[in-house]
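The next block holds one structure in the form of structure tokens; read it before the comments.
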Amino acid sequence: MADHLSSTFSALSDPTRRAILARLSQGELSVKELAEPFSITAPTITKHLKVLEHAGLISRSRNAQKRPCRLQCAPLREVAEWVEQYRRSWEHSMNRLDEYLAGLQEGGQTYARKKKR
């Protein structure tokens, strides 16, 4: 799983590739359709697609002259599961911090009441 995560994170590190994935989340598109909003050359878009394909984030097929691309969700699911482990840990730590701060606040109010007397 670590190797898959590394290739997925590497592919996601580029904003153009993230934009391509966002477009594909709306449905299948041809390479030409994917390239339209970007001011980059055809070879450059092809390189981006190869990186995404190597990471398993997209699949490409051939339909006559067209090369439709599809989003593949499995690698993104792996990333979400990996991040979820840490989210639970962070949430637990934040809950403990909230409890600690609430205790300090209660203690501070008690001290302030005692001081007024």
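Along the sequence shown, the residues carry numbers beginning at 1.
- Evaluation of the side-chain hydrogen bond (donor to acceptor under 3.5 Å, both in side chains) rule for E36 yields no partner, not counting sequence neighbours.
- Annotation: ring pair (Phe, Tyr, Trp, His ring centres under 6.0 Å) contacts of Y86 (sequence neighbours excluded): W82.
- Hydrophobic clustering of Ile, Leu, Val, Met, Phe, Trp and Tyr side chains at less than 4.5 Å, counting indirect connections, unites L12 with L34.
- Considering SG of C69 and CD of E28, their distance stands at 8.0 Å, rounded to 0.5 Å.
- Note: the hydrophobic cluster containing I20 does not contain V51 (ILVMFWY, side chain heavy atoms under 4.5 Å, direct or indirect links).
- Between the R60 side chain and the R70 main chain, no donor and acceptor come within less than 3.5 Å of each other.
- No continuous path of hydrophobic side-chain contacts links I58 to F9 [ILVMFWY only; heavy atoms under 4.5 Å].
- For the pair P75 and G56, the tightest heavy-atom approach, listed with the atom from each and the gap, is CG-O, 3.2 Å.
- Distance CZ/R17 to CG/L49: 10.0 Å, rounded to 0.5 Å.
- Applying side chain to side chain contact (heavy atoms under 4.5 Å, CB included) to L52 and the options L21, L71, T8 leaves one that passes, L21.
- Between E81 and R77 there is no salt bridge, since none of the side-chain N atoms of the basic residue sits less than 4.0 Å from a carboxylate O of the acidic one.
- For F38, the ring pair (Phe, Tyr, Trp, His ring centres under 6.0 Å) criterion is met by no residue, not counting sequence neighbours.
- Contact record, S59 with Q72: OG-NE2, 2.8 Å, taken as the closest heavy-atom pair.
- Looking at heavy atoms from C-beta onward, T46 lies in side-chain contact with K50 at the 4.5 angstrom threshold.
- Under the side-chain hydrogen bond (donor to acceptor under 3.5 Å, both in side chains) criterion, S93 pairs with no residue at all, not counting sequence neighbours.
- Checked against side-chain hydrogen bond (donor to acceptor under 3.5 Å, both in side chains), S10 has no partners two or more places apart in sequence or in another chain.
- Between the OG atom of S61 and the CZ atom of R67 there is a distance of 7.5 Å, given to the nearest 0.5 Å.
- A salt bridge between E99 and R96 is absent, with no side-chain N of the basic residue lying under 4.0 Å from a carboxylate O of the acidic one.
- L24 and L76 end up in the same hydrophobic cluster when Ile, Leu, Val, Met, Phe, Trp and Tyr side chains are linked at under 4.5 Å.
- Applying the side-chain hydrogen bond (donor to acceptor under 3.5 Å, both in side chains) rule to R23 yields no partners; only residues at least two apart in sequence or on another chain are considered.
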Item to check | Criterion salt bridge (charged side-chain N to carboxylate O under 4.0 Å, His left out) on E91 and R88, from CA distance to verdict | outcome: CA-CA 5 Å; E91 188 173 280; R88 286 191 302 264; over 6 Å; no
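- Here CG of L101 is found 9.5 Å from CE of M94. Values are rounded to the nearest 0.5 Å.
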